[in-house]
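Structure first, then comments.
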Amino acid sequence: MSQTPIVLSAGDRAQWQQLAKDFASYSQVSQSQRKFIIEKARTFLGSIQQFYSESLHPNHIQATFDRLVKELLHSILANARQCVVPLKTETEQQLIKQQQLLDKIGQTLNQQQISAAKLQVETAQQEANLKISEVTNLLQAVVQQPNAPEKLRILAEQYLAQKSNIWEQPQQFVKQVEAWKASTIQLEKSIADLDPFGVLETIKNTLDEHLSPLQIAAATSQQQLAELQTELSEITAQLQQQQPTAALLVERNWWESAWQSIPTQYQPEVPNTGLFTVAFLNKIKRLFKTWQRKLEQEETALNRSQNFVTDWIQKLRNPSEKDRNDLKQIYIDNANVIGITCVQAASFDFTKNFPSFDAVIIDEVSKCTPPELLIPALKGRKLVLVGDHRQLPPMFNQSTIDDIAEDIGCTGDET
C-alpha cells in the first residue's frame, strides 16, 4: 500500500495513504487495533473496487477520462501555484537586495557597469515572461480545444485569470507532470484494451436488430387500434339509436315490481343511473345468491326443528310413563318459582328435586313456629320473612329483625 493508485480521487488518495501509515505500524499495535485496521481496509477496498470498476465500464469511460484529466490538471496547476509563491517571494527579495546593492555600489561603479547590470536584469525578466507566456499559450490551447471537456475548459480559464501565480518550485512541478504523464499513458493503454467503441457498436447493432420488428409491430397495433376504435364508435351510435324491444320492456316492468317486493332492509342503494344499470343488476345477482344460500340454511334448520317440534307434540298428546316422568322433570328443572308449605319442604322428594334456592320467602311468618321456619330457612341463600313483626315469636327480637332488614336493604317495618 506504499504505492498510491493513480486513478484515486483526492479524498480516496488521502484515505489510502492513512491506511498505508496504519499498516506500517501494524506490528506495534494491539490485537484489537489490528482487527480494526483490517476491517477498515476491507471496507475501503470494497467501496473503491465497486466505484472504480463501474468507472471502467464502457458506458462510463468518457466520464472517468474527464475526471482523471480534471484531477491531473488541477494537481498540476495546484503544484504550480505552490511553486509560484516562494519563487515570487524569493524574486522580490532578490530584487530588493539587488536594488540595495545597486544603491550601495552606485556610487563606486561607473555608468557602464550599471547599464550592464540593468541589461542582465531585463534579460532575466524577459526570459521569465517568456516562460509564463508559454504556459499561458498552453492553457489557451486547452481552452480552444474543441474536444476538451467543458469542466476542463472552465478550469483552464480560471487559471488564465491568475497568471501571476502559475510557477512555484519548478522541480516539484516537473516531477508531478512526469508522474501524471506516466499515469495518462497507462490510462490510454487500459482504454485501448477495453475497446469501448467495439462494445458500443455491438450494442448498437443488437438494438437496431430488435428495434425494427418492434417498430413494425407497433405500427400494426396502432392501425388495429384505430380500426377497433372506429368500430366501437359505430356500435355505440347504433346502441344509442335503438329502442328497447317489447320483451325487454316486459322484463323491466317485472324487475320494477320485484324490486318493490324486496324488504327495505335488504334493498341496496340505487345508483343515479337507475335500476337497469348492468353493474347494479350484477350486484343484485350476487346478493340474490347470498340470500338464496341463507334461505337454504334456514330451511335446513327449520326442517330439523320441525321434526323436533312434531316429536314433542306427539309425546305431549300420547305420553308414555317414561315420557311423563321426563316431561315432569324438564318442567321442574326449568321452574323459577316453587310454592310449598314449610312442613312439606322437608319431604324426601322435594328435597331431592330442589336441594337449594337463591331466595326463600316465608309469608305470614308470625303464624310459624321456630322449627317450621328452620326447614325452608336451611334451603335458601337469602331468607325473606313477610308478616306482622309485632306478632313474631320471641326469637325474632328487634335486633334480629334489624340485621335481616340490613341484609335485604329495607326497614324493620317493611320486613
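Note that these values count all heavy atoms, side chains included, but never hydrogens, waters or copies made by symmetry.
For the atom pair CZ of Arg34 and OG of Ser27, the computed distance is 6.5 Å after rounding to the nearest 0.5 Å. Rounded to the nearest 0.5 Å, atoms CG (Leu378) and CG (Leu383) are 9.5 Å apart. The line from CG of Leu287 to NZ of Lys285 is 12.5 Å long, rounded to the nearest 0.5 Å. To the nearest 0.5 Å, atom CD of residue Gln224 and atom CD of residue Glu227 are 7.0 Å apart. With rounding to the nearest 0.5 Å, the separation of CD1 in Ile284 from CH2 in Trp255 is 4.5 Å. Taking CD of Glu296 as the start and CZ of Arg293 as the end, the distance is 9.0 Å to the nearest 0.5 Å.
A 6.0 Å sphere centred on CZ of Phe36 holds no more than 12 heavy atoms belonging to other residues, nucleotides or ligands. Applying the 6.0 Å contact sphere to OH of Tyr26 captures more than 12 heavy atoms from other residues, nucleotides or ligands. Residue Lys35 places its NZ atom among 12 or fewer non-hydrogen atoms of other residues, nucleotides or ligands, all under 6.0 Å distant.
With sequence neighbours excluded, no residue forms a salt bridge (charged side-chain N to carboxylate O under 4.0 Å, His left out) with Asp349.
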So Glu256 and Asn253, side chain to side chain contact (heavy atoms under 4.5 Å, CB included) or not? Walk me through it. CA-CA 5 Å; Glu256 288 179 349; Asn253 293 332; 4.1 Å; yes
Let's go through Val384 and Val360 carefully: what are the C-alpha distance in whole Å and the side-chain angles of both, what is the deciding distance for side chain to side chain contact (heavy atoms under 4.5 Å, CB included) to 0.1 Å, and is it a yes or a no? CA-CA 6 Å; Val384 180; Val360 173; over 6 Å; no
Taking it one step at a time, do Phe23 and Ile38 satisfy side chain to side chain contact (heavy atoms under 4.5 Å, CB included)? CA-CA 9 Å; Phe23 277 109; Ile38 291 297; 3.8 Å; yes
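Formation of a donor-acceptor pair under 3.5 Å by the Ser25 side chain with backbone atoms of Asp22 is found in this model.
Side-chain contact between Asn307 and Trp312: absent, with no pair of heavy atoms (C-beta onward) separated by less than 4.5 Å. Residues Phe308 and Asn303 fail the side-chain proximity criterion, which asks for heavy atoms closer than 4.5 Å. Side chains of Lys379 and Phe350 form a contact here, defined as non-hydrogen atoms less than 4.5 Å apart. In this structure the side chain of Lys283 reaches within 4.5 angstrom of the side chain of Pro268, judged on heavy atoms. Side-chain contact between Val309 and Ile313 is present, with heavy atoms from C-beta onward closer than 4.5 Å. Residues Leu19 and Lys40 form a side-chain contact, since some pair of their non-hydrogen atoms from C-beta on lies under 4.5 Å apart. Leu373 has its side chain within reach of Ile362: a pair of non-hydrogen atoms, C-beta onward, lies under 4.5 Å apart.
The shortest non-hydrogen separation linking Ala345 to Ile340 is N-CD1, 3.9 Å. Taking each heavy atom of Val270 and Phe280 in turn, the nearest pair found is CA-CE1, 4.1 Å. The nearest pair of heavy atoms linking Leu316 to Pro319 is O-CD, 3.6 Å. Minimum heavy-atom separation, Cys342 to Ile375: O-CG2, 3.3 Å.
Remark: the Asp323 side chain and the Ser320 side chain contain an N/O donor-acceptor pair separated by less than 3.5 Å.
In this structure, Arg381 is not positioned above the aromatic face of Phe357 in the sense of NZ or CZ being under 6.0 Å from the six-membered ring centre and within 45° of the axis.
Taking 4.0 Å as the cut-off between side-chain N and carboxylate O, Glu39 and Arg42 count as a salt-bridged pair.
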